[in-house]
**Student:** 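I'd like to ask you about the structure that follows.
Remember, it's 1-based here, ligands and their atoms both numbered in the order they're listed. Below, all heavy atoms of this structure are taken into account, side chains as well, without hydrogens, waters or symmetry copies.
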Amino acid sequence: MSFDAPAVIKTKRDGGRLTDAEIDWVIDAYTRGRVAEEQMAALLMAIFLRGMDYRETVRWTTAMVSSGDRLDLRGLRRAGHPLATVDKHSTGGVGDKITLTVVPVVAACGAAVPQAAGRGLGHTGGTLDKLESIAGFTAHLPNEHVRQQLCTVGAAIFAAGQLAPADAKLYALRDITGTVESLPLIASSVMSKKLAEGAGALVLDVKVGSGALIKSVAQCRELAHTMTRLGAAHGLRTRALLTDMNRPLGGAAGNAVEVAEALEVLAGGGPPDVVELTLRLAAEMLELAGVDDRDPAQSLRDGTAMDRFRALVTAQGGDLSAPLPIGACSETVTAARGGTMGDIDAMAIGLTVWRLGAGRSRPGERVQPGAGIRIHRRPGEPVAAGERLFTLYTDTPERFPAAMSALDGGWRVVDTPPRPQPLILDRMTS
Ligand code: URA
């Protein structure tokens, strides 16, 4: 059945509900290039303003899954044993390099992780942009390569490609039309990729706070509820953690700087919050996958998680022996006085890093692998007058003034240490 794009747009603009047939048509026609970018942009804005109910969201998600291939991961085996598959997905944060650490931990513990990952969206970083800062790394894997790599390495992190291709187009369009922060659009975007990739179970990391796409706890609960329900409706065991994103995760945000920090965690060190979230998500993933005889923390101590990460990078063409890139130019921020580092605002750090060139301002733009920030003093740590607090890196120094003004006001040295904040705020199942 064929529809008229302006009529579909007007229905949503005027607060109506889209029919199943309208949704199927508009997603299919847009994916094939028969609905213009301007028309989809208008429809996305109408959805952003008017919302979609649960029925529309289910159908929108299903139509996105149907826009491309579905990986068939049934019957995967390693050394003659069946492999359970499980994945995780974060709704996006600042300094969120957890995919780089949790995927090899879970693989080292015996489950297989097919991870269709994304690129940066708005001020939030993208796993693929980070991994592509490793020399030679490719995120473009044919479906059969993913299957094989799951059997040999136990994990693959790849661009969704032909899995839910409607999402890739919509994701890029939302990024430049101010329509990212919509609950039904986020839920359908995340779940379409995850349903198409065919894992047996899924753990969602729903970020809450200033540096998250959705700032309020109540709205994040609703988002988590919608996504776990969508998973259950498609037979995918899904669980969600709500986790704090008022502060950036760890001590580095950007592309290669986050890979370097992930390597520290895999070597048994790294910032405590990154380690805590890695282990908690790994435990949830392993439980959901039914693999409960291995301790995720042990895989960090004994190097088996690091071995999995190295094997994954090598299988995807990457060379970890080459030095990770770092911006050619740097600027430091030093403390004007002594005291304690107060709260650091995740949004300020996200914008700083984006303005340094780690994210995109136009679709398809090349990101700078070496752009990023190192945070030398984290909330609650003592600060001496004159000490280095932040180092900013970029290849294009003309970006420094805008980056510095984003950072300004996003942190303070205080007399009374800020109250410790819990990292995990809630846990939800379908
Ligand atoms: N992650 C996604 O995959 N999609 C969104 O819309 C937001 C975060």
Side-chain angles (χ1 to χ4, degrees), residues 27 30 40-41 43-45 47-48 51-52 56-57 60-61 63-65 67-68 87-100 102-103 113-131 139 157-197 199 202-209 211-216 219-220 222-228 230-231 234 236 238 240-243 245 249 281 346-347 350 354 359-360 363:
I27 294 285
Y30 175 63
M40 187 49 100
L43 180 59
L44 290 175
M45 185 54 82
I47 292 171
F48 180 90
M52 284 200 287
E56 290 174 292
T57 309
W60 188 273
T61 308
M64 283 165 74
V65 175
S67 70
D87 191 16
K88 66 77 82 160
H89 193 86
S90 155
T91 54
V94 176
D96 183 2
K97 69 275 301 165
I98 302 292
T99 292
L100 307 183
V102 79
V103 167
V113 191
Q115 158 87 202
R119 300 190 182 277
L121 192 59
H123 68 277
T124 63
T127 299
L128 298 184
D129 295 330
K130 295 170 200 177
L131 280 170
I157 304 178
F158 50 96
Q162 275 315 300
L163 305 179
D167 177 56
K169 279 190 87 176
L170 286 168
Y171 198 85
L173 187 58
R174 284 167 57 213
D175 198 18
I176 54 162
T177 54
T179 52
V180 167
E181 301 90 346
S182 151
L183 261 51
L185 294 178
I186 296 175
S188 53
S189 162
V190 169
M191 295 308 291
S192 60
K193 284 190 284 279
K194 300 289 124 170
L195 290 165
E197 92 193 354
L202 174 67
V203 175
L204 297 162
D205 181 4
V206 180
K207 299 285 184 208
V208 190
L213 295 181
I214 305 291
K215 323 281 180 212
S216 99
Q219 281 202 313
C220 282
E222 192 182 327
L223 175 61
H225 179 63
T226 304
M227 291 194 289
T228 52
L230 279 171
H234 287 86
L236 176 63
T238 311
L241 295 184
L242 261 58
T243 70
M245 192 27 75
L249 264 172
L281 284 167
M347 185 60 166
W354 183 62
R360 297 178 179 75

**Student:** Do any nitrogen or oxygen atoms of Arg174 come within less than 3.5 Å of a nitrogen or oxygen of ligand 1?
**Tutor:** yes

**Student:** Decide, yes or no, whether a salt bridge links Lys194 with Asp87 under the criterion of side-chain N to carboxylate O below 4.0 Å.
**Tutor:** yes

**Student:** Go through ligand 1 atom by atom and flag the ones less than 4.0 Å from a non-hydrogen atom of Tyr171.
**Tutor:** 2 (C), 3 (O), 4 (N), 5 (C)

**Student:** Picking from Val208, Thr91, Ile186, what satisfies side-chain contact (heavy atoms from CB on, under 4.5 Å) with Ile214?
**Tutor:** Ile186

**Student:** Hey, which atoms in ligand 1 end up nearer than 4.0 Å to a heavy atom of Ser189?
**Tutor:** 2 (C), 3 (O), 4 (N), 5 (C), 6 (O)

**Student:** Would you mind running through ligand 1 and noting each atom that sits below 4.0 Å from a heavy atom of Leu213?
**Tutor:** 7 (C)

**Student:** Determine whether Leu281 and Thr243 satisfy the following criterion, side-chain contact (heavy atoms from CB on, under 4.5 Å), listing intermediate values before the conclusion.
**Tutor:** CA-CA 11 Å; Leu281 284 167; Thr243 70; 5.9 Å; no

**Student:** Answer yes or no: is there an ion pair linking Lys207 with Asp205, defined by an N-O contact shorter than 4.0 Å?
**Tutor:** yes

**Student:** Show the atoms of ligand 1 that are less than 4.0 angstrom away from any heavy atom in Ile186.
**Tutor:** 6 (O), 7 (C)

**Student:** Is the backbone N or O of Leu236 less than 3.5 Å from a side-chain atom of Thr238, with the two atoms forming a donor-acceptor pair by type?
**Tutor:** yes

**Student:** Do Ser90 and Asp96 have side-chain N/O donor and acceptor atoms under 3.5 Å apart?
**Tutor:** yes

**Student:** Could you tell me whether Val180 approaches ligand 1 through its side chain, its backbone, both or neither, with non-hydrogen atoms closer than 4.0 Å?
**Tutor:** neither

**Student:** Considering the heavy atoms of His89, write down every atom of ligand 1 situated less than 4.0 Å from one of them.
**Tutor:** 1 (N), 2 (C), 3 (O)

